[in-house]
Amino acid sequence: MAETRRRLRSSTVVLGGMGVLAAALSACGSDPDRRCVDRDSYDYINGYKIVADKNCSSSSSGSSSGKSRKKTGKTKGTDADWYYDADVSGGYADNGTFSRSEAVDRGGFGCSGGSGGG
């Protein structure tokens with residue numbers, strides 16, 4: 001009976017570990033955290049002002065710095081765009097990136113980073 005209990009606990013640990021591993025690996029494929037910000041509202045101390053998501057296009061692909069942007073926001077005078085992996089505080093986002101691919105390359109737990117040793 002003790003052997004059966006031990007075997008059950010072992011399989012539970014293995015199955016639980018497999019679940020954690022699967023969750024960590026699947027997190028790599030998920031979209032990075034993003035906020036819709038007004039690009040023209042940058043404040044040196046706070047960062048970019050967060051605006052309503054409706055001001056940003058629904059596309060999950062970020063714009064690169066070389067592309068020309070048009071003001072697609074519904075609010076007049078708002079140059080809104082998605083800002084990825086930012087620190088958010090008090091309605092502002094800072095220390096992020098406007099490039100979705102760069103945000104994905106940053107990686108995280110279970111993800112490979114984009115940097116190689118040399």
Side-chain angles (χ1 to χ4, degrees):
M1 182 149 162
E3 189 176 316
T4 304
R5 218 177 298 156
R6 185 179 308 137
R7 193 175 300 143
L8 177 63
R9 272 190 244 138
S10 299
S11 62
T12 303
V13 170
V14 169
L15 289 174
M18 297 280 281
V20 169
L21 180 62
L25 292 176
S26 66
C28 283
S30 63
D31 283 335
D33 181 43
R34 67 183 184 178
R35 299 283 190 262
C36 185
V37 300
D38 181 1
R39 286 175 152 290
D40 295 332
S41 69
Y42 185 76
D43 177 61
Y44 182 75
I45 295 172
N46 297 314
Y48 293 98
K49 183 168 179 49
I50 297 174
V51 295
D53 287 355
K54 68 181 180 180
N55 293 311
C56 291
S57 63
S58 61
S59 171
S60 63
S61 62
S63 63
S64 64
S65 58
K67 284 185 184 177
S68 63
R69 295 180 319 274
K70 61 180 182 175
K71 295 190 182 205
T72 59
K74 306 226 182 206
T75 307
K76 271 189 171 180
T78 302
D79 185 13
D81 202 356
W82 292 114
Y83 195 54
Y84 297 95
D85 287 343
D87 298 330
V88 177
S89 177
Y92 286 86
D94 200 11
N95 299 321
T97 178
F98 285 105
S99 169
R100 181 185 179 278
S101 62
E102 185 178 316
V104 171
D105 285 345
R106 288 181 184 184
F109 181 75
C111 301
S112 60
S115 61

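For the single chain, residues carry numbers from 1 onward in sequence order. Computed over heavy atoms, backbone and side chain alike; hydrogens, waters and symmetry mates excluded.
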Query raised in the report: Residues sharing Y44's hydrophobic cluster, by side-chain heavy-atom contacts under 4.5 Å among ILVMFWY, directly or via others?
Result: I45
Query raised in the report: Between atom SG of C56 and atom CH2 of W82, what is the distance when rounded to the nearest 0.5 Å?
Result: 5.0 Å
Query - Salt-bridge criterion met for D81 and R39 (N-O under 4.0 Å) - result: yes
Query - Sidechain-backbone polar pair: N55 side chain, A52 backbone, donor-acceptor under 3.5 Å - result: yes
Query - Side-chain heavy atoms of V37 within contact of V51, under 4.5 Å - result: no
Report summary line: Correct closest heavy-atom pair for V104 and P32 would be CG2-CD, 3.8 Å
**Report entry** Under the salt bridge (Lys or Arg N to Asp or Glu O under 4.0 Å) test, residues paired with D53 that sit two or more places apart
**Finding:** none
Query raised in the report: Hey, does S99 have a side-chain heavy atom less than 4.5 Å from the side chain of Y84?
Result: no
Report summary line: In this structure, CG of D38 is separated from NZ of K49 (nearest 0.5 Å) by 9.0 Å
Report task. Fit a plane to each ring of Y83 and F98, take the angle between them on a 0 to 90° scale, and name the class: parallel (under 30°), tilted (30 to 60°) or perpendicular (over 60°). Result -> tilted
Query raised in the report: Between I50 and V88, is any pair of side-chain heavy atoms under 4.5 Å apart?
Result: yes
Query - Beyond-backbone contact of Y42 with D94, side-chain heavy atoms, under 4.5 angstrom - result: yes
Requested in this report: State the CG-CG distance between N95 and D85, to the nearest 0.5 angstrom.
Outcome: 11.0 Å
